Amino acid sequence: MTTEMKIYPLNIKGELTGILSRWLWIFKWLLAIPHYVVLFFLQIAFCVLWVISFFAIVFTGKYPKSMFDFNVGVLRWMWRVGFYSYSALGTDKYPPFTLESLPDYPADISIPYPEKLSQGLVWIKWWLLAIPHWIIISIFSDLIPILVLVAGIILLFTGTYPADLFKIIIGFNRWTYRVCAYAALMTDEYPPFRLWDS
């Protein structure tokens with residue numbers, strides 16, 4: 001089963017692999033520790049580059065390309081680890097240690113580079129305009145772990161991941177990453193208020 005949406009300007013992929021281990025998900029917190037350590041430092045770098053890019057956009061209307069690519073890579077890495085672990089439990093394939101897009105991995109994020117960004121909008125979009133979305137995804141942040149736990153328990157006892165539950169979990173993650181990309185100044189296009197592609 002494949003869940004892939006192309007909502008401009010964010011493309012997030014999540015493919016539920018065919019056969020998942022019934023019990024491996026219980027230990028994924030332990031297996032993902034090396035990624036959590038790396039992501040801790042990557043997220044610090046992400047925040048530093050966000051501040052630099054903020055002022056670059058204010059003065060030039062452009063997000064420095066190398067910083068943009070790095071920050072997209074950080075979001076991609078976060079999504080792959082989340083998809084493997086407790087944001088989705090969508091695969092047992094261990095996430096790679098790279099910022100690059102890998103077509104053979106079942107989770108990916110891509111965001112096209114914006115040639116021009118609003119120099120005025122940058123002041124308010126990441127907080128004021130995003131407030132309705134921040135409220136909604138704060139609810140998602142509580143729901144996602146609960147739904148993933150339910151999926152894990154069903155997987156443990158039945159050996160299958162319910163497709164409808166997977167679709168909802170991916171929808172919550174989709175919404176969250178759209179807002180993250182918008183607040184991270186990667187696009188001026190306002191995120192849609194929906195879980196699905198259309």
Side-chain angles (χ1 to χ4, degrees), residues 1-36 38-39 42-43 71-112 133 136-182 184 186 191-198:
M1 175 182 181
T2 299
T3 300
E4 181 173 356
M5 61 290 183
K6 293 190 177 220
I7 301 251
Y8 184 79
L10 176 70
N11 184 1
I12 180 170
K13 178 178 79 170
E15 297 174 357
L16 185 61
T17 54
I19 299 173
L20 294 171
S21 168
R22 289 179 180 234
W23 55 268
L24 182 63
W25 65 271
I26 299 169
F27 303 101
K28 284 184 176 179
W29 66 270
L30 181 62
L31 297 173
I33 286 176
H35 281 285
Y36 296 149
V38 174
L39 282 172
L42 286 176
Q43 288 170 346
N71 280 355
V72 170
V74 174
L75 290 179
R76 180 180 295 127
W77 195 322
M78 288 170 55
W79 170 234
R80 283 194 299 238
V81 173
F83 188 77
Y84 169 78
S85 60
Y86 302 108
S87 290
L89 294 178
T91 185
D92 289 340
K93 187 174 183 181
Y94 197 71
F97 286 84
T98 179
L99 297 170
E100 301 301 318
S101 179
L102 299 174
D104 62 337
Y105 195 78
D108 194 34
I109 281 181
S110 62
I111 305 171
H133 283 290
I136 293 168
I137 64 173
S138 70
I139 296 168
F140 291 169
S141 67
D142 293 331
L143 283 176
I144 290 172
I146 294 168
L147 294 177
V148 169
L149 178 61
V150 169
I153 292 169
I154 293 171
L155 182 62
L156 181 65
F157 287 103
T158 69
T160 59
Y161 197 129
D164 290 340
L165 185 56
F166 177 75
K167 185 178 179 182
I168 292 169
I169 290 168
I170 294 298
F172 287 163
N173 280 288
R174 176 184 301 141
W175 194 318
T176 301
Y177 276 95
R178 284 185 198 139
V179 176
C180 287
Y182 181 73
M186 295 176 168
F193 285 88
R194 62 177 182 260
L195 296 174
W196 323 119
D197 323 4
S198 57

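We number each residue from 1, following the sequence as shown. Predicted model, so just to flag it, every value in this text is computed and none were measured.
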Trace of the side chain to side chain contact (heavy atoms under 4.5 Å, CB included) decision for Phe193 with Ile136: CA-CA 9 Å; Phe193 285 88; Ile136 293 168; 3.7 Å; yes
Output yes when a side-chain donor or acceptor of [X] lies under 3.5 Å from a complementary backbone atom of [Y], and no otherwise.
X: Trp79; Y: Lys13; answer: yes
X: Arg76; Y: Leu99; answer: yes
X: Tyr86; Y: Trp25; answer: yes
X: Asn173; Y: Ser87; answer: yes

Heavy-atom closest contact ([X] atom, [Y] atom, distance):
X: Ser85; Y: Lys28; answer: CA-CD, 4.2 Å
X: Pro145; Y: Ser141; answer: CD-O, 3.2 Å
X: Phe166; Y: Gly90; answer: CE1-CA, 4.3 Å
X: Val148; Y: Ala88; answer: CG2-N, 3.8 Å
X: Pro9; Y: Pro112; answer: O-CD, 2.7 Å
X: Glu100; Y: Arg80; answer: O-NH1, 2.8 Å

Enter the distance from [X]:[atom1] to [Y]:[atom2] here, rounded to the nearest 0.5 Å.
X: Ile109; Y: Leu75; atom1: CD1; atom2: CG; value: 5.5 Å
X: Tyr105; Y: Thr98; atom1: OH; atom2: OG1; value: 12.5 Å
X: Leu24; Y: Leu31; atom1: CG; atom2: CG; value: 6.0 Å
X: Ile26; Y: Leu156; atom1: CD1; atom2: CG; value: 5.0 Å
X: Leu195; Y: Arg178; atom1: CG; atom2: CZ; value: 8.0 Å

Check against side chain to side chain donor-acceptor pair (under 3.5 Å), Asp108 and Ser101: CA-CA 7 Å; Asp108 194 34; Ser101 179; 2.7 Å; yes
Whether Phe140 and Phe172 hold their rings parallel, tilted or perpendicular, with breakpoints at 30° and 60°: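 Parallel: the ring planes of Phe140 and Phe172 meet at under 30°.
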Aromatic plane relationship, Phe97 with Tyr94 - under 30° parallel, 30 to 60° tilted, over 60° perpendicular: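 Tilted, since the angle between the ring planes falls between 30° and 60°.
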Any non-hydrogen side-chain atom of [X] less than 4.5 Å from a side-chain atom of [Y]?
X: Val179; Y: Thr176; result: no
X: Leu89; Y: Phe83; result: no
X: Trp77; Y: His35; result: yes
X: Val81; Y: Leu39; result: yes
X: Tyr182; Y: His133; result: no
X: Tyr161; Y: Ile169; result: yes
X: Leu10; Y: Arg174; result: no
X: Tyr84; Y: Pro106; result: no

Residue Ile19 excluded, over 12 heavy atoms near CD1 under 6.0 Å: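 No - once you tally the heavy atoms of other residues, nucleotides and ligands closer than 6.0 Å, there are 12 at most.
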Working for side chain to side chain contact (heavy atoms under 4.5 Å, CB included), residues Met186 and Asn71: CA-CA 9 Å; Met186 295 176 168; Asn71 280 355; 3.3 Å; yes
Contact list for residues 138-161, test salt bridge (charged side-chain N to carboxylate O under 4.0 Å, His left out), sequence neighbours left out: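 Output for this query is empty, none listed.
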Test log, rule side chain to side chain contact (heavy atoms under 4.5 Å, CB included), inputs Leu20 and Thr160: CA-CA 7 Å; Leu20 294 171; Thr160 59; over 6 Å; no
Stepwise side chain to side chain contact (heavy atoms under 4.5 Å, CB included) test for Leu165 and Leu147: CA-CA 7 Å; Leu165 185 56; Leu147 294 177; 3.9 Å; yes
